[in-house]
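Letters A, B, ... mirror the listed sequences (proteins, then strands); counts begin at 1.
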Amino acid sequence: MKYDFSEIEKRQQKLWEEQKIFRLDDRNAKRPYYCLEMFPYPSGRIHMGHVRNYSIGDVIARYKKMQGFDVLHPMGWDAFGLPAENAAIKHGIHPAKWTYENIDYMRTQLKRMGLSYDWTREIATCDPKYYKWEQLFFIQMLEKGLVYRKKAKVNWCESCQTVLANEQVEEGLCWRCDSEVVERELDSWFFKITDYAEELLSGCEKLKGWPEKVLTMQRNWIGKSVGAEIDFKVKGKDKVIKVFTTRPDTLFGVTFMSISPEHPLAVELSRGTSQQEQVKAFIEKWKSALKSERYGQTEKEGVFTGSYAVHPLTGEEVPIFVANFVLMEYGTGAVMAVPAHDQRDFEFAKRFNLPIRIVIMPKDGQLHQEDMEEAWEGPGVLVNSAQFSGLDNEEAKIRIVELLEKEGKGQKKITYRLRDWGISRQRYWGAPIPIIHCEQCGPVPVPKEDLPVELPFDVEFDPSGRSPLPHLEAFWKTDCPRCGRPARRETDTMDTFVESSWYFARYICADDHTKALDRERVDRWLPVDQYVGGIEHAILHLLYSRFFTKALRDLGYLSADEPFDRLLTQGMVLKDGAKMSKSKGNVVDPDTMITRYGADTVRLFILFAAPPERDLEWSDRGVEGSHRFILRLWRLVTDNLDQLKPASFSGDELRSICAEQKNLRALRQKTHQTIKKVTEDIEERYHFNTAISAVMELVNQISSTLKDFQGSEEQGFWKVIREAIEAALLLLSPMIPHVTSELWQILGHKQLIAREPWPVSDPDAAKKEAVLVVIQVKGKVRGKIEVPVGSSKEEVLTLAQKEPNVSKYLEGKEIRKVIYVPDRLLNIVV
RNA sequence: GCCGAAGUGGCGGAAUUGGUAGACGCGCUAGAUUCAGGAUCUAGUGGGAGUUAUUCCCGUGGGAGUUCGAAUCUCCCCUUCGGCACCA
C-alpha cells in the first residue's frame, strides 16, 4: 500500500469536518481548557513562523482533547493594519478586498495543515460586528476616566504618515519601516494604562506559567522607581522646581541642578541674565537634533542658566544648568545633581568644574574628593549631612523624606517609566474612534445605539499615504449628538493593537451579536490556559492585553485578572543561521513543502528539530528524515496488516503472553515506558522533540522485534506488536494527525483516533526486571554489570569484585568507601 | 553600561534530581539490494592510542574550586544572541 499523503490528508480533513470533531459546545463543557495561538495578520501567505506556532498549539490542543478536556481552540484574523492600505495605494485594490482575499487564501493554507480549530468561532477584527464592541469599550472607558484626549508630543513617522506608540519606536526609528521618527504636537486619544501600572507590575509575580524573560521585560518596561519629589525654590524668583530622586539620602551632596532642555522654565530662568543667548542657542541646537541622533549620545553637554536654586534644608544656593541628558518625559524633567554619588552628575561636574561633595561613605575603604574617578553609587554611612550624619543610607532615605514632608518641602513619590498608550492613528484601515467634535460641546461620544461607526467603503487613496477620511465629507459631516449643531466626526482610527487586546475573549461568544461579551461564558474560559506565540510580542501585545483584561474586568465584562495563565514563547525559524526574509532570499515556503512531503512531515520536522522555545534551523535534509520516519511507520502497519488486523488484545492476555516470552516482555516494557515518557514530555515540558525521539525508539524496537520473530504466525506475538504500534499511533496523533488517523482506520477501528483517549502507561508492564549498573573505581567507569532491580549495595559490590576489569583496579588496595546509587551506579573508593 | 538566555561531535539536538556524555535524527563510511523513485536493508561513526571481540587516555567555550563523582553546583574570564539603554 502506497503512502499517498496528499489523498490521505484530504480524506482525513474531510472526515474531521463531517464529524465536527473540533466543534465545541462551550456552554456544556465539563472540563474547559482554552488553548490559543496568536492570530495572524492576513499578509497574504502563511510563513514558517506561523507553521511552527500553530503546530505547537495544535499538539497541545489535540493532546488535551485526548486527555478528556473540552478544548476551546479558535482561530481568527488580526485584520486591520497598514499593509492593506499600502496595497491599496500601490495596486489599486481596496484594503477590504485585499484583506478578505488574503484571509480566504490563508484559511485554506491553515486547513491544509490539519489544525484542530473550531472554525465556527472565526473572527476578523476589521468586521464591524467585531469593532463595534471595541468602540463601545472606548466610550465606556472614556466615561470611566480611562480614556482621555490631550495635545501631546507624539512620535510621528513620516513614511507611515501616522503616530506611533512609545512601544513602537525602536532607537528613534519606526518599528515597521525603520525611518526616522519625528516629534509632533497632535491632539490624540490615550488609554490610561498608567492607572494599572502597579497592578501590571505586581501581577507579574502571579504569572508562574510565563517565561521569566518575558516577565523581566515587562517589569523593565513598567520601570517602577521609589523615591521622593523634592521642592527647590529658585533664588530671587517666585518659582519652585520639583525634582524626583531615588536617592533622597544624598540630598546634602547636591552641588547643582540640571533641567531638561524641554523644561518649561528652561528659557525663563535665563531671562535677563548674561546667559540668555547661550541657553537659547543650546536649546535650539538640541531641538534640531534628530531623535535617533540623541540615542547613544553619552557626551554630557549643558549650559548654565544664570539662575540658582535654594537647597531646601541647608539654604545653600546651587547653580541651575540646562543639560542634554535630562529627560522631560521622566520624573519632573529636573534633577538634583549629586556628583559624588551619581555617575552622570559626576561626569557633568568634571566637565564644568563643579564641586563634588561626598555624603555617603562606603563601609570598607575611604573616598576622597580629590582622587575620585567615578561616582560611588553603592551603600554606606552618611557624612557631611547635618543631623543625619552617621546614619545608614537606607535609614537616612526614610528620615530625610520625613523631615521634608514635615516642612512641606517634599514627599515620598513613586515614578513609572510606563507612559499612557496613545491610540490615535491618522490612517484609514482601522476601527474609527467613536467621537464627534462639536464646537460648542467639545468631543462628544457617539451615542451607543449609533454604533458601530462604520468605516466608509468608497474612498480615494492618496499616494502620500495620508488618510482619506478627513477629506470625505460624507463620513465626517454630522451633527452633534448633544446639541444638534453641525459637527465633525473624528477621523482618526485606533491603533491595531487595540483589536488584539481582547480578541481572545470574543472567541468565546463569537456567535452572540447582541453583546460584546457574555460574562457567564467568558468567565468559564478565561484566563486562557495556554497561549502560544512569538517572543516579539513580549511587551506590546502582551502588556496591552493584560491592561485590557483588567479594564474590562473593572467595566464588569469579566472576572479574570489576567488574560493568559501560561505562555509559551516559541523561537524563530531560521535558515542558514538567519531569520527567513525576502531580502535575504532564504525563505522556505510552507505550501511548497506541504505539497512535496505532506502536512504531517512538515509538522513532524518542525516539532522534532528543536524544543519550542528555542530558535529552529530549517534543514531540507531534516525534513526528508521526518518523511522517512513516517514512511517507516506506514510500512510497519501496512506490510503486516494480515497479521495485525485480527490481533485484538486485552491487558490480561498480554500479561500472560509476556510472562512466558522475554523478548516480547521487553517490547511491551518499552511500549509502556514510551507512553510514560511521551506523556511527561508533553504535559510537563512541551518538549515535543524528545517525545518524538522516544516514539522513534519504540518504532525501532518494534522493527527489530519483528525481525527476530521473522515469519511468526503466533497470535500472541502479534498482539504484543499491535499494542506497541497502537501506542505509537496514539502518541504521535497530536503531531502527525492525518497518517495516524488513516492507519488507525486501516487497523479496523471505527472511531477516529482524535476521539480516542490518551494511552495510559501500565506501571507493572513498564517496570524493568534487571538493570545495568555502572561500576566505578575512584569515579572512573571500569565495568557494567546486569543485576536484578532493587539489588542491595552488598550484592552489587560482591558481583562487582568478581569482574576482572574491576578487580584489576582493586588489587592490593584498601576499599575506603563504597557509594551506591540504587539501580544505577556503584562507586568504589580506594 | 545594565538585565536576561545560551555555548555539548561534521550538523540539529539529548542527558528531567550532581551518577554510563553524545539518546533520536541528519550527514558521512562500507556492504547488500533495487536501480523508476525524495528509496530500502545491514554494519560502523566524538578525538587519540593500542596487543584492534572484552582495554586505556582525552573530551561538554576557557581557568580555578566543591565532591567519591560535575555538561549540571560555586567563583572568575571569553564568545554569541535577545531586551533595555543618560529613567535621576
Got a list of protein N/O to nucleotides 14-17 of chain B N/O distances below 3.5 Å?
residue	atom	partner	partner atom	Å
rA14(B)	OP1	N689(A)	ND2	3.1
rA14(B)	OP2	R614(A)	NH2	2.8
rA15(B)	OP1	R685(A)	NH1	3.2
rA15(B)	OP1	R685(A)	NH2	2.9
rU16(B)	O4	K677(A)	NZ	2.6

Please enumerate all protein N or O atoms sitting under 3.5 Å from an N or O of nucleotides 41-48 of chain B, with distances to 0.1 Å.
residue	atom	partner	partner atom	Å
rU42(B)	OP1	K707(A)	NZ	2.3

Every protein N/O lying under 3.5 Å from an N/O of nucleotides 56-60 of chain B:
residue	atom	partner	partner atom	Å
rC56(B)	OP1	R782(A)	NH1	3.1
rC56(B)	OP1	N805(A)	ND2	3.2
rC56(B)	OP1	Y809(A)	OH	3.3
rC57(B)	OP1	R782(A)	NH2	3.3
rC57(B)	OP2	R782(A)	NH1	3.4
rC58(B)	OP2	K780(A)	NZ	3.4

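Using a 4.0 Å cutoff on non-hydrogen atoms, the parts of residues 817-826 of chain A near RNA chain B are K817(A), I819(A), V821(A), R824(A), L825(A), ordered by number.
Side-chain contact check for Q343(A) and E347(A): at least one donor-acceptor pair (N or O, by modelled atom type) lies under 3.5 Å. Side-chain contact, R632(A) with N700(A): a donor N or O sits under 3.5 Å from an acceptor N or O.
Between L698(A) atom CG and rG25(B) atom C1' the separation is 16 Å, expressed in whole Å. Taking atom CG of residue D620(A) and atom C1' of nucleotide rG12(B), one finds them 13 Å apart after rounding to whole Å. Between L215(A) atom CG and rG83(B) atom C1' the separation is 14 Å, expressed in whole Å. As a whole-Å value, the separation of E212(A) CD from rC3(B) P is 15 Å. Here the P atom of nucleotide rA85(B) and the CG atom of L418(A) are 12 Å apart, to the nearest Å. Between W618(A) atom CH2 and rG13(B) atom P there is a gap of 15 Å when expressed in whole angstrom units. Regarding F608(A), its CZ atom lies at a distance of 13 Å from the C1' atom of rC11(B), rounded to whole Å. Atom pair M257(A):CE and rA88(B):P shows a separation of 17 Å (rounding to whole Å applied).
Every side chain to side chain contact (heavy atoms under 4.5 Å, CB included) that P211(A) has, sequence neighbours left out, goes to V214(A), L567(A), T569(A). Every residue was checked against the ring-ring contact (aromatic ring centres under 6.0 Å, His included) condition with F282(A), not counting sequence neighbours, and none meets it. Applying the salt bridge (Lys or Arg N to Asp or Glu O under 4.0 Å) criterion to E680(A), with sequence neighbours excluded, gives K676(A). For E377(A), there are no salt bridge (Lys or Arg N to Asp or Glu O under 4.0 Å) partners two or more places apart in sequence or in a different chain. The salt bridge (Lys or Arg N to Asp or Glu O under 4.0 Å) check on R685(A) picks up D681(A), with sequence neighbours excluded.
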Can you give each donor-acceptor pair under 3.5 Å made by side-chain atoms of residues 330-340 of chain A, sequence neighbours left out, with the distance rounded to 0.1 Å?
residue	atom	partner	partner atom	Å
Y330(A)	OH	S225(A)	OG	2.9
T332(A)	OG1	K242(A)	O	2.6
T332(A)	OG1	A334(A)	N	3.4
T332(A)	OG1	A334(A)	O	3.2

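Applying the 4.0 Å criterion to OP1 and OP2 of rC11(B), one finds that S619(A) has every side-chain N and O outside that range.
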Dot-bracket for RNA chain B, 5' to 3', Watson-Crick and G-U pairs with both distances under 3.5 Å, [ ] for crossing pairs, | for partner on another strand, reads (((((((..(((......[....)))((((((.......))))))((((.....))))..(((((..]....))))))))))))....

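Taking atom P on both rA6(B) and rG10(B), the two are 23 Å apart, rounded to the nearest angstrom. Atom P of rC28(B) sits at a distance of 15 Å from the matching atom of rC11(B), rounded to the whole Å.
A salt bridge links E198(A) and K224(A); the closest N-O separation between the charged side-chain nitrogens and carboxylate oxygens is under 4.0 Å. Salt-bridge check for K285(A) with E301(A): passed, with a basic side-chain N closer than 4.0 Å to an acidic carboxylate O. The pair E394(A)-K397(A) meets the salt-bridge criterion, with a side-chain N (NZ, NE, NH1 or NH2) lying under 4.0 Å from an Asp/Glu carboxylate O. With respect to the salt-bridge test (charged N to carboxylate O, under 4.0 angstrom), the residues E212(A) and R219(A) qualify.
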The contact string for nucleotides 29-38 of chain B, one letter per nucleotide 5' to 3', using protein heavy atoms under 4.0 Å with B, S and - for base, sugar-phosphate only and none, comes out as ---------B

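Residues L327(A) and T216(A) each lie close to RNA chain B; by heavy-atom proximity, the contact nearer the 5' end of the strand is made by T216(A).
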